[in-house]
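Because the structure is predicted, anything quoted here is derived from the model rather than measured.
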Amino acid sequence: MTRRLTFNGIVQGIGFRPAALRIAIDLGVKGQVKNSGGCVELIISGEKQALNSFVQRLVAMFEIKYYTDEEIDEIAFDDFKIVHSGRDEGTPFITPDLATCSDCERELKNESNRRYRHPFISCVNCGPRYSIINSLPYDRENIAMAPFEMCAECEKEYTNPTNRRCHAQTIACKQCGPVTNISVDEAAEIIKNGGIAAIKDIGGYHLACSAHCPNAALNLREIKGREAKPFAVMFSSLEEIEEYCFVNEKEKTLLVSSERPIVLLNKKKDFDKSVCGESEYIGAFLPCNPIQIMLLEAVSPLIMTSANISGEPIITDDNEIKKFGVPVLSHNRKILTPLDDSIAFVCCGRERLIRRARGYVPTAIDIGVEAKEDTLCLGGDLKAVFAFHRGRYVFLSQHFGDLEDGRAFEAYKKNIERFACLHSFNAKRIVADAHPGYYSSRLFENSLTVQHHKAHIAAVIAEHRLSGRVLGFAFDGTGYGDDGAIWGSEILIFDGKKITRAEHLEYVKMPASDEISRNADLALACYLGGNELIEKAVENNINTVSSSSMGRLFDAAAALLDIKHKNGYEGECACALEACAKKAKREYRLNVTLNPTDILAQMKEAKKYATAEEIALGFHNMLARLIEKIAVKHFNEQGIRQIALAGGVFNNRLLTEKAMLLLEEKGFSVYINEKVPCGDGAIALGQAYISAMEG
């Protein structure tokens, strides 16, 4: 009998066709396999039992979203072949960039292997994918490896069904692959001598220096314009990470995964303050490509940070990198899309993302709700991420930063076009944040709009495919509200069809300027007074706006307790407040209230009797009890047992852990974003869900 099968999912750039060839040879199945647009098409002929085994083994090996299987008229094949790719109009599931696998790493370090210290070693199981794709199907002529013609030895491996590099589109060696402008050893020597080097990696350039050289770290801060934000540190091995950090099993799994994110780990011992600043965590990660592996063999650990001025997108251009005036280790393979390192952490036993980029993008998320038509969701302006929704799947872009930066906005717009082209999307509907001043919201005319915090809660519902009623807590710094106020502490109810606002922190008048998000003393004055200019502006309603921001309450609390007075980077005051609270041996208990002025007044009074650490812990625990109290109230009134926690405030581990513990003890089911960030990187996902639900 003969059958035609079409497989959709992550089936290109992952060794699907060579695997099909090997299984066919093993089972005596004949036929052909080819990439076709975004899917893989097979025609197989043989005995029924052998064909069934063939399909079962393939499905078990790969991340198949769905496949079709039909019996067709008998075709006589002589053997089983991988044939030249075709093109279809199906939805492609493109493979993200994959970290160097253990087999390639062993070969890289083996002096007798012909790819010993080859900076671009890869196979069907690893290497760049999304960042080097020009178009689909995923074949050599359609990726950035096209200019590099295979040598005879690579060609032999490429066509050998038993070889790990059979039909590996990135296959290359020292004789036929990309080349670097200087050696890795030269770059390592620069760093060993206290210098900074720019390193061209998979998704863009990094700036690297020794984590043991404070002068280099300070110089790096100066050239990046990065005054206080902690640097990530790349280590050569898991064992080296464990010298500096406490690492649990879930964190180990994240560190060694093919995504290779930066993982925020509790410090065991610290570097100089110039490296991680005042953070209680080290953003640790392992090398994800051969150049990094070789560099870390020579000098480790390294500060490895994206090559950009803070706020701008990561640099991919070989000429632009020269503006930093540091030595450059480059190569002649093009990067076709910028990709920052992803950032993750573990909280309450759950793997969480802060930034979703290299290793995760463009993997689709099945939200269980069908798009009525191809939908482009623009996300928000901060931590900008866009998405396309087709069928049940939402395809999210990488992180682009703040769209107020002109370079970030241009990269965002350019990649909307690239993403649409690669996936054959033709957006019939466009959804934006309700904020009328957002660059993303003004990009297209006649966009549908979704309120920011409703999108936050919808993102949790979508990711976990929740049904029935859900009580959501959306806590963050700012979002444009339905009433024109600035929202940020929203308690929302999803009734199965729409999301409505139920409660929030009481409004406080604040200046309608960005300075309020940077100056914690200014935020404190809005709640408790003490600033004549603020008091007069509020009294006369001059350039002020009503705000229920939870983020500003955290800032004010940090300033009141004299912990931190300025946000040098987003969330700095809140991070310092959390770190302070964790030092407390007991809490100063505060009364639960939705009145932010009363909360701060209680804290001010408490300073007479308790330490800053005890009051900071009391502040966190009070908010957790507030969440619990509101959840119990709505359960008693409406029977809601499902709780969604969303918004950047829930990157705070102390608050999240306490709130989850209290809620779960009361029998609630608690959900939080895990596949996407809980901050604004999730907004596009929520927009997709609401757009599909509302029709």
Side-chain angles (χ1 to χ4, degrees), residues 367 369 371 375-387 389 394 396 403 429-463 466 469-507 510 512 517 545-552 594 630 634 643-650 671-673 676-695:
I367 66 171
V369 177
T375 304
L376 168 61
C377 303
L378 297 169
D381 272 19
L382 301 176
K383 300 180 180 67
V385 169
F386 64 80
H389 185 193
V394 178
L396 290 117
L403 299 188
R429 176 184 299 200
I430 297 173
V431 186
D433 191 276
H435 197 305
Y438 273 2
Y439 288 88
S440 55
S441 301
R442 301 199 303 260
L443 189 55
F444 296 96
E445 293 182 1
N446 303 318
S447 300
L448 302 171
T449 60
V450 170
Q451 199 280 325
H452 190 87
H453 299 92
K454 294 177 182 178
H456 268 308
I457 298 304
V460 179
I461 295 167
E463 180 185 323
L466 303 180
R469 298 171 73 84
V470 178
L471 180 67
F473 295 82
F475 290 177
D476 65 4
T478 181
Y480 187 81
D482 289 339
D483 57 0
I486 297 300
W487 291 8
S489 58
E490 311 315 305
I491 294 94
L492 304 161
I493 295 174
F494 176 65
D495 65 5
K497 293 182 179 179
K498 63 179 181 179
I499 298 174
T500 55
R501 190 187 198 199
E503 300 179 60
H504 57 89
L505 285 180
E506 293 178 17
Y507 282 142
M510 292 187 175
S517 65
V545 64
S546 296
S547 172
S548 61
S549 171
M550 184 64 76
R552 299 296 77 78
L594 279 168
I630 292 170
H634 286 279
I643 307 295
L645 305 178
V649 167
F650 288 106
Y671 302 90
I672 196 165
N673 287 122
V676 296
C678 68
D680 284 7
I683 293 296
L685 181 65
Q687 290 171 347
Y689 185 85
I690 290 175
S691 171
M693 288 295 292
E694 293 183 351

Could you tell me if the side chain of Phe494 sits less than 4.5 Å from the side chain of Leu466, heavy atoms only? no
Results of side chain to side chain donor-acceptor pair (under 3.5 Å) for His453 - residues two or more places apart only: Gln451, Asp476
Would Lys454 and Ile690 count as a side chain to side chain contact (heavy atoms under 4.5 Å, CB included) here? Give the steps. CA-CA 8 Å; Lys454 294 177 182 178; Ile690 290 175; 4.1 Å; yes
Considering non-hydrogen atoms only, spot the tightest contact between Ala692 and His389 and give its length. CB-CE1, 3.7 Å
For Leu396 and Gly681, the nearest pair of non-hydrogen atoms, with its separation, is CD2-O, 4.2 Å
Please step through side chain to side chain contact (heavy atoms under 4.5 Å, CB included) for the pair Met693 and Ile461, ending with a clear verdict. CA-CA 12 Å; Met693 288 295 292; Ile461 295 167; over 6 Å; no
Would you check, one step at a time, whether the test side chain to side chain contact (heavy atoms under 4.5 Å, CB included) holds for Asp381 with Asp433? CA-CA 9 Å; Asp381 272 19; Asp433 191 276; over 6 Å; no
When rounded to the nearest 0.5 Å, the distance separating CG of Leu492 from OG1 of Thr500 is 7.5 Å
Is there a side chain to side chain contact (heavy atoms under 4.5 Å, CB included) between Ser447 and Arg442? Walk through the geometry before answering. CA-CA 9 Å; Ser447 300; Arg442 301 199 303 260; over 6 Å; no
Could you check if a side-chain atom of Leu594 sits within less than 4.5 angstrom of a side-chain atom of Glu503, using non-hydrogen atoms only? yes
Gap separating the CG atom of Leu645 from the OH atom of Tyr671, nearest 0.5 angstrom: 11.5 Å
Heavy-atom nearest pair, Val545 first then Gly484, reads CG2-O, 4.1 Å
Between OG of Ser547 and CD of Glu506, what distance do you get to the nearest 0.5 Å? 13.0 Å
Could you check whether any side-chain N or O of His435 sits under 3.5 Å from a backbone N or O of Gly380, counting only pairs where one atom can act as donor and the other as acceptor? no
Restricting to non-hydrogen atoms, name the atom on Ser546 and the atom on Ala485 that form the minimum distance, rounded to 0.1 Å. O-CB, 3.4 Å
Locate the shortest heavy-atom distance separating Ser549 from Gly477; write the atom from each residue and the value. OG-O, 2.5 Å
Does the side chain of Tyr438 reach to within under 4.5 Å of the side chain of Leu378, using non-hydrogen atoms? no
Does anything in residues 679-695 form a side-chain hydrogen bond (donor to acceptor under 3.5 Å, both in side chains)? List the pairs, not counting sequence neighbours. Arg429-Ser691, His452-Asp680, His456-Asp680
Any side-chain heavy-atom pair from His634 and Ile493 closer than 4.5 angstrom? yes
Does the side chain of Arg552 reach to within under 4.5 Å of the side chain of Ser517, using non-hydrogen atoms? yes
Separation of Ile643 CD1 from Ile457 CD1 (nearest 0.5 Å): 10.0 Å
Does any N or O in the side chain of Ser489 come within less than 3.5 Å of the main-chain N or O of His504, such that one atom is a donor and the other an acceptor? no
Does the side chain of Tyr480 reach to within under 4.5 Å of the side chain of Thr449, using non-hydrogen atoms? no
Can you name the nearest heavy-atom pair linking Cys377 to Ala684, along with the distance? CB-O, 3.5 Å
Rounded to the nearest 0.5 angstrom, the CG-CZ distance for Leu443 and Phe386 is 11.0 Å
Quick one: pull up CG in Leu505 and CZ in Phe475 and give me the separation to the nearest 0.5 Å. 6.5 Å
